[in-house]
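None of the values given here were measured: they were computed from a predicted structure. Every chain is numbered from 1, with letters handed out A, B, ... down the list of sequences.
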Amino acid sequence: MKDVRLLSAPFDPNTEIEPFARACPEAGGIATFVGKVRPGGGVEALELSHYEPLTRPGMEALADRALARWELMGLLVLHRTGPLHPGEPIVLVSAASRHRRDAIEAVDFVMDHLKAEAWFWKREKRADGWHWIEPREADHADLARWK
Amino acid sequence: MKDVRLLSAPFDPNTEIEPFARACPEAGGIATFVGKVRPGGGVEALELSHYEPLTRPGMEALADRALARWELMGLLVLHRTGPLHPGEPIVLVSAASRHRRDAIEAVDFVMDHLKAEAWFWKREKRADGWHWIEPREADHADLARWK
Amino acid sequence: MALRLLFLGKLADLAGVGERVLDLSAPLGWDALLDRLEPDLASALGGAKVRVAQNADMVADKTALIAADGDEIAFLPPVSGG
Amino acid sequence: MALRLLFLGKLADLAGVGERVLDLSAPLGWDALLDRLEPDLASALGGAKVRVAQNADMVADKTALIAADGDEIAFLPPVSGG
């Protein structure tokens, strides 16, 4: 069970996780990560742009890699695009598996790759206007763990 | 924000995660693991026994270790006791943090220690009666990762 | 004077019960305590993997235990895996 | 004959727009394509970290690009971190 979606409107993590869990009744465990626009720090808004013909296939391929690498009964990958407000969910990754380490590691893997490799460009609005977010050193260190 | 509970009655992960997330509004990410009684495999029921005067302080101390080791805004640890049916949630661990790796690693750490060190004894009912569950080699390998 | 014994996990099966009360006239050392139990149960409790808590405090060396009136002695086999 | 150029991320700021259509009378090589753009934009697109996709396929060596009528050429700066 693979469910990969780009969402242009706000979503509620709980209403996504519940049907996913129901769709994987044989799973012994479900690991989930929900990332949100961090409130505070002077950020008034975040905007995610993407290039659909690359971004969507890239996310599908990433999900396939995780499904090939770990024994999963299901993998849910949701990512927002467009303008977001502080506190709004940007990303949700949920993995269901028989044994817990598979689910936890798969979520960790997918998050690291979504953050460092997926085709998203983010800019944030501060009091002095919009600023593009650059790649972070830590993202590459995170990725190196999976080589 | 630390919330550690032993539960003698069934719980719904979603109704626990939502207020936890609301209680940590500054978090950039929330990682969660929900473990359930695996359906199938001939298991008709699971029973968890514990020794309250050791089990509860042990869980509290484990949560404190995670809070000391990672930068968390909140940690939720729920564990069932008593008789459970296949498909029922046994354990929920949720961690809220500014950066995602803190939350994911903390959940991983707490789960490994709950499984291998917490004072719970489990027996499962099969067609031929009740069987106590022994420690697994894999549990100790999981723990060794955190030394 | 009495002692409460708690048998956790599969030790409860061996003891036939999760909890027993033992009357005593004086504090009991480890060997004297085991002498009051069935041989197969005593032998299991003596096993290297069974730990002991006295009034919810882990006992470092169970053979040095002195169980006194009102004590709760819990016998803890290895916890189950996940 | 025309070409669609897409400027992703901060390249859109530099181009002043996310998308441009370029008329062309014949296929354009990389240098000829950059010659049709403002110097500072052309210079940014030539940077080592900017990758290029032609009709949604990543181009291995952008300097070998031949952009033809109807092509969609996307300029991709490094993705933002998390």
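- Taken to the nearest 0.5 Å, the CG atom of A:Asp108 stands 10.5 Å off from the NE2 atom of A:His113.
- No side-chain heavy atom of A:Arg136 sits under 4.5 Å from any side-chain heavy atom of A:Ile133.
- Within 6.0 Å of NE2 in A:His140 there are more than 12 heavy atoms belonging to other residues, nucleotides or ligands.
- Ion pairing of B:Lys122 with B:Glu134 is absent here, as no side-chain N (NZ or NE/NH1/NH2) approaches a carboxylate O to less than 4.0 Å.
- Of all the listed residues (B:Asp112, B:Val107, B:Val37, B:Ile90), the one sharing the greatest number of non-hydrogen pairs under 4.5 Å with chain A is B:Asp112.
- Ion pair A:Lys125/A:Glu47 not flagged as a salt bridge, since none of the NZ, NE, NH1 or NH2 atoms sits closer than 4.0 Å to an Asp/Glu carboxylate oxygen.
- Between B:Glu105 and B:Arg69, none of the side-chain N atoms (NZ, or NE/NH1/NH2) sits under 4.0 Å from a carboxylate O, so this pair counts as no salt bridge.
- Classified by interplanar angle (parallel below 30°, tilted 30° to 60°, perpendicular above 60°), the ring pair B:Trp146/B:Phe109 is perpendicular.
- Within residues 18-36 of chain A, the residues having any heavy atom closer than 4.5 Å to a heavy atom of chain B are A:Glu18, A:Ala21, A:Pro25, A:Glu26, A:Ala27, A:Gly28, A:Gly29, A:Ile30, A:Ala31, A:Thr32, A:Phe33, A:Val34, A:Gly35, A:Lys36, listed by residue number.
- For B:Asp142, the part lying under 4.5 angstrom from a heavy atom of chain A is the side chain only.
- Counting non-hydrogen atoms of neighbouring residues, nucleotides and ligands closer than 6.0 angstrom, the CD atom of A:Glu71 reaches no more than 12 such neighbours.
- Ionic pairing of A:Arg5 and A:Glu60 is not present here: no N-O contact between side-chain nitrogen and carboxylate oxygen is shorter than 4.0 angstrom.
- Identified by a heavy-atom distance below 4.5 Å to chain B, the contributing residues of residues 92-101 of chain A are A:Arg98, A:His99, A:Arg100, A:Arg101, in residue-number order.
- Atom CD of B:Glu117 has more than 12 neighbouring heavy atoms from other residues, nucleotides or ligands inside a 6.0 Å radius.
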